[in-house]
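Everything below concerns the one structure shown next.
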Amino acid sequence: MQQAASAAATMGGPLGSHGGRARTARRSSNLGDRIFEGIVTAAGLLVLGLLGGIIVLLFIGGWPAFREFGFGFLWSAEWDSVREQFGAVISVYGTIVTSILAIVFAVPVAFGIAYYLTEIAPEVIRRPVGIAIELLAAVPSIIYGMWGLFVLAPFLAQYVQPPIQDWTMDIPILNELFGGPAFGIGIFTAALILAIMILPFIAATMRDVFMQVPAIYKESAYGLGATRWEVVRNVVFPYTRASVVGGIMLGLGRALGETMAVTFVIGNANAISPSLFATGNTIASVIALEFPEALQGSLKLSSLLALGFILFVISFIVLATSRYMLRPRLGN
Amino acid sequence: MSIRNTALAAAAGLVLSFGTAAAQQITGAGATFPAPLYQKWGEAGQEPTGLQLNYQAIGSGGGINQITNRTVLFGASDANLTAERLGQANLFQFPTVLGSIVLVYNIPGIESGKLRLTGELVADMYLGKIRRWNDPKLVELNRELNLPNLPIAPVYRADGSGTTFQFAGYLSIVSDEFKTNVGQGTSVPWKAGTGGRGNAGVAGIVRQTRGSIGYVEHAYAKQNNLAMAQLRNKAGNFVYPTEDTFQASAASADWLSDPTFGISLLDQQGEKSWPIVAPTYILLPKNPTDVAGSRNVMRFFDWAFKEGDRFADELGYIPLPQNVKDVIRQAWSREIKGPNGEVIWTGSGS
């Protein structure tokens, strides 16, 4: 709310300097204006109401599971529909590991794209590449899922995973990390698909904030004899750090909730393995797969809603952090 | 004269428009497994019955939820409901067709139909106890094949499904260890392997993973030319999944032993029986509020029982034996009553 107010204030500045006309128009209120105000206020509050309603409903729906399993629900590895024993730890683990890995894969590439587009690319290239990156965001997630299962997974199983396994076979920790049968599907593949999916969000944010760096700072640095890398390292990056981290968090938020593509390629096994090539599941994939067969009033349905609540809380924390980082920087 | 003609034409028009208006909707929701057949029946039956079927394949669990809430005229489920659950929701269930589940595999150099398996060994694969294709127990069964030293990758349905319910039910019958550690359900805690989404997901993973084995509905395996394994049945014979062995299973079942038709066709007796055959069910309220709608549902399935077998054959399902269909019709009259206790189904004339 404060942000909105300050934004309004800054916008009011130039308006005021142009003369009193805009101001007077705003003050003169007739019936139409008031109706319009009412409608837009309702639209704004609707979002708040919806969000609150969803979180309350998820909690109420998940309550029987929380009551039955207590805090144990958070760290139980059981997911047994036959004996009605449910726990969240495997899907929470899968969700967090795939999302973080996706960030690890996506951020360097996104940085490369953003830096290339703002500093190196000739004008002619900037627009087409920029648009291509944004189009990546428009590809439906089921397409990514199918492509992942039918193209990427066989490719990984044949050409990527075996060499990595051969190479790490005798290295103590790495052989655990890349061990197990190479099916092509699993945590690693899911993270890779997620990385492609969140790449446009992170790259676009980075490009935008890199462009905000005042040219005079960079030119001064170049004038002092700094190399390109030194300019990025010492001028661009410190200037944009908070916004870059905010953009990454935005991508992370998206990765956490992605359902369809992940469901196709993660293998959907209820197990935690030290290996990144092993299969697993995520909160969103479990809900998508199990929901149609969950009977009303069953503990399973309640556990799925409880999982939804946990995902909501995780996403909320991530997005709140990103908002905090992306807040308008004071003094600029 | 001309006035009379106009009046006649108008009357004809009225009758015609009444005719189209009478194409009543019947709504149902549930199991995905019989959905292609119900769709086909809906198309073919619209003309003769004047009923328009609106079937939503949302999964058996969803179908049970919807009919329990009475938001549809009928529900559909692959897993039979227990008498207790039927009583609670005041529902009546009857089977429509049978489906069969087959094991598909991807082992380099081994053609479709060559591999021989037993239920116990399949259970051990899904328990993670047998891990390689050249395991002595597998070699023992397949002397004439050259089984490779390849890890076994079991593939299962990751989404809750009636297919899993029946397959896990079969493995629970043949393996006590599977029964205690995994059990029967629409989704079960598998001990080994990876999950694919839907028949397509399982088939996709099997096709591209060397050493994999999975279970899918027969119709699906057939359409996609997947390599299918032989299974040893209760009589001790190795049988190949064909219409004949499925029919043998359906014929040898004792359908009338349970008034709710909740019999298991898994692991049937019989020389030629394919061991994993299972019916799919329709759920109807015993006390429908929409009496006409409920009668229409029965009228539709009455038509399907009379005329729909050839569509079932075409699509790879197994029609019910004639005597079972008759018993179902009798049960409609006996079990489903209007608000004043009147019989809703009085035969095809109603």
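Please read all numbers here as calculations on a predicted model, not as lab measurements. Chain A is the first sequence line, chain B the second, and so forth, proteins listed ahead of strands; every chain is numbered from 1.
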Query raised in the report: How long is the gap from OG1 on A:Thr263 to CG on B:Asp159, to the nearest 0.5 Å?
Result: 10.0 Å

Query raised in the report: Looking at B:Asn181 and A:Arg83, what are the two nearest heavy atoms and their distance?
Result: C-NH2, 3.6 Å

Requested in this report: Go through the steps for A:Gln158 and B:Gln208 under the test side chain to side chain contact (heavy atoms under 4.5 Å, CB included), then give the verdict.
Outcome: CA-CA 10 Å; A:Gln158 224 168 339; B:Gln208 60 191 234; over 6 Å; no

Query raised in the report: Is the CZ atom of B:Arg70 crowded by more than 12 outside heavy atoms at less than 6.0 Å?
Result: yes

Requested in this report: Would you name the heavy atoms of B:Val182 and A:Val82 that are closest together and state the gap between them?
Outcome: O-CG2, 3.6 Å

Requested in this report: Output the distance between atom OG (B:Ser187) and atom CG (A:Asn268), rounded to the nearest 0.5 Å.
Outcome: 11.5 Å

**Report entry** Which portion of B:Arg85 sits near chain A, non-hydrogen atoms under 4.5 angstrom
**Finding:** side chain

Query raised in the report: Relative to chain A, which segment of B:Asp78 carries a heavy atom at a distance below 4.5 Å: side chain, backbone, both, or neither?
Result: neither

Query raised in the report: Within a radius of less than 6.0 Å around CD1 of A:Ile173, do more than 12 heavy atoms belonging to other residues, nucleotides or ligands occur?
Result: no

Requested in this report: Tell me, out of B:Gly201, B:Ala153, B:Ser161, B:Ser60, who's got the most heavy-atom pairs with chain A below 4.5 Å.
Outcome: B:Ser60

Query - Side chain, backbone, both or neither of A:Ala294 within contact of chain B (heavy atoms, under 4.5 Å) - result: backbone

Query - Options B:Ala158, B:Gly59, B:Gly185, B:Ala79, ranked by heavy-atom pairs under 4.5 Å with chain A, top entry - result: B:Ala158

Query raised in the report: For B:Tyr156, is it the side chain, the backbone, both or neither that has a heavy atom under 4.5 Å from a heavy atom of chain A?
Result: side chain

Requested in this report: Please answer whether the main-chain N or O of A:Gly297 pairs with a side-chain N or O of B:Asn65 as donor and acceptor at a distance below 3.5 Å.
Outcome: no

Report task. Using non-hydrogen atoms and a 4.5 Å limit, figure out which bit of B:Val155 sits close to chain A: side chain, backbone, both or neither. Result -> neither

Query raised in the report: Contact part of B:Thr186 toward chain A, heavy-atom cut-off under 4.5 Å: side chain, backbone, both or neither?
Result: side chain

Query - Interatomic distance, B:Ile205 atom CD1 to A:Leu149 atom CG [nearest 0.5 angstrom] - result: 6.0 Å

Query raised in the report: Just wondering, more than 12 heavy atoms not from A:Phe73 lying within 6.0 Å of its CZ?
Result: yes

Query raised in the report: Can any side-chain N or O of A:Asp80 pair as donor or acceptor with the backbone N or O of B:Pro189 at less than 3.5 Å?
Result: no

Report summary line: So, the part of A:Ile266 with a heavy atom under 4.5 Å from chain B: the answer is neither

